[in-house]
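Down below is the structure, laid out as structure tokens.
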Amino acid sequence: MFNQLKNDDSILKNLRADCENCFGLCCVALPFAKSADFAFDKDGGTPCSNLQSDYRCGIHENLRAKGYRGCTVYECFGAGQKVSQVTYDGNDWRDNPASAKEMFDVFPIMQQLHEMLCYLNEALNLEDAQPLHRELQAAFEDTEYLTKQSPQSIMDLNVPAHRTIVNDLLLRTSELVRAKVSFKKKKNQKKQNKIGRGSDLICAKLRGADLRGVNLRGALLIASDLREADMRVTDLIGADFRDADLSGADLTGCFFITQAQINSAKGDMKTKLPLSLSIPAHWR
Ligand code: SF4
């Protein structure tokens with residue numbers, strides 16, 4: 001079963017945003033507060049004034065320059081096209097205003113389910129997680145099943161309870177993968193105690209730091225200096241990289257990192273990324 005997932009482009013395609021097949025759901029369903037990331041206050045369920053009738057963004061090429069940086073770092077993990085084309089079978093909210101609110105309520109739940117699918121799929125492709133593949137496969141299939149339910153069933157889901165099951169598996173996956181550099185933990189025990197899961201590393205000076213094998217799950221790395229840092233085999237799930245400087249850093253082999261996290265950071269052409277991610281335009 002594992003081999004069916006491995007290198008399956010159709011799975012990866014379904015777990016990445018396909019704006020061409022989405023009814024602009026992130027630009028309508030989600031609320032935004034005026035900030036450095038978004039230029040004005042917008043209520044959930046209200047279309048952004050920059051959203052065009054064809055569901056394209058009217059300022060797509062200039063989002064950062066116009067004060068919409070948050071839009072460049074948002075990731076729906078394919079939830080937009082799933083809700084638009086599967087849950088609602090291609091019936092958009094403009095033509096079906098009676099179901100619009102329901103669609104906007106379903107979207108953020110679907111986004112969470114697709115995020116879990118994305119991480120589970122990555123875990124299934126990590127050779128070091130082989131002992132967990134059966135459980136990971138079952139969790140992937142269970143989660144995918146949930147995404148195919150009716151709108152009401154999706155809204156009735158206990159997402160936190162399902163996330164707890166998935167998180168436990170991802171944590172065990174992380175331990176298996178990072179075990180190959182576990183010698184680092186002993187060698188740098190003192191340092192490891194300060195840098196790890198959920199650490200507050202805002203503005204931390206970590207230039208050239210050896211972070212191989214560290215669990216940085218949920219760490220706050222906002223505006224930190226990570227130039228030339230070594231983050232190979234590092235768990236970066238949910239780490240907040242906003243304005244962190246990754247210039248020259250090596251992230252090859254790190255795992256559970258998304259393109260949205262990379263897009264929120266600074267970097268340069270010397271930054272080494274996992275093959276599945278690409279250098280953001282604003283790093284060039
Ligand atoms: S600025 Fe563009 S991408 Fe951002 S919410 Fe509005 S339409 Fe969507």
Side-chain angles (χ1 to χ4, degrees), residues 12-97 99-115 117-118 147 151 154-155 159 222-223 238-244 257-267 273 276-284:
L12 290 177
K13 190 167 173 276
N14 289 334
L15 297 176
R16 286 182 184 144
D18 176 5
C19 302
E20 294 290 318
N21 284 301
C22 174
F23 301 139
L25 293 179
C26 63
C27 309
V28 184
L30 305 179
F32 296 118
K34 183 176 180 180
S35 65
D37 288 330
F38 202 79
F40 63 93
D41 290 322
K42 186 187 94 56
D43 292 330
T46 305
C48 172
S49 55
N50 296 312
L51 186 67
Q52 301 178 152
S53 58
D54 61 359
Y55 296 118
R56 291 170 189 254
C57 172
I59 57 169
H60 180 70
E61 302 301 326
N62 301 301
L63 283 167
R64 293 183 79 88
K66 288 185 176 287
Y68 295 84
R69 187 176 58 170
C71 300
T72 68
V73 302
Y74 177 77
E75 175 60 72
C76 80
F77 299 101
Q81 69 261 28
K82 175 67 87 48
V83 172
S84 301
Q85 304 301 334
V86 178
T87 315
Y88 287 89
D89 200 22
N91 296 302
D92 78 27
W93 51 269
R94 281 193 172 119
D95 294 337
N96 301 277
S99 60
K101 183 181 181 308
E102 184 189 75
M103 188 185 288
F104 303 151
D105 289 343
V106 166
F107 172 67
I109 301 170
M110 187 69 82
Q111 193 265 356
Q112 293 181 66
L113 294 172
H114 266 238
E115 182 183 26
L117 283 175
C118 194
T147 69
I154 290 171
M155 288 190 293
V159 177
I222 300 165
D240 193 337
F241 282 104
R242 280 177 292 169
D243 290 328
I257 187 169
T258 66
Q259 186 67 49
Q261 285 169 284
I262 292 298
N263 290 350
S264 73
K266 300 174 189 167
L273 298 176
S276 59
L277 303 181
S278 52
I279 296 282
H282 67 279
W283 289 13
R284 297 173 199 276

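First listed ligand is number 1; within each ligand, the first listed atom is number 1.
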| Can D89 and Q85 be counted as having a side-chain donor-acceptor contact under 3.5 angstrom? | no
| task | Please determine, by modelled atom types, if T72 and R64 share a side-chain donor-acceptor pair under 3.5 angstrom. | result | yes
| note | Closest to atom 2 (Fe) of ligand 1 among protein heavy atoms sits C57 SG, 2.3 Å
| field | Whether Y74 and F107 hold their rings parallel, tilted or perpendicular, with breakpoints at 30° and 60° | value | tilted
| Strictly under 4.0 Å, does any heavy atom of L63 approach an atom of ligand 1? | yes
| message | Looking only at protein heavy atoms, which one is nearest to atom 6 (Fe) of ligand 1, and what is the separation? | response | C48 SG, 2.4 Å
| Contact check: H60 to atom 2 (Fe) of ligand 1, N/O/S below 2.8 Å | no
| Numbered atoms of ligand 1 (with element) below 4.0 Å of L51, judged on heavy atoms | 7 (S)
| Would one find an N, O or S atom of C71, in either backbone or side chain, under 2.8 Å from atom 4 (Fe) of ligand 1? | yes
| task | Can you label the angle between the F40 ring and the Y68 ring as parallel, tilted or perpendicular, going by 30° and 60°? | result | perpendicular
| S84 side chain vs F23 backbone, donor-acceptor pair below 3.5 Å | yes
| Backbone or side chain, does C27 get an N/O/S atom under 2.8 Å to atom 8 (Fe) of ligand 1? | yes
| query | Between K82 and T147, do the side chains contain an N or O donor and an N or O acceptor separated by less than 3.5 Å? | reply | yes
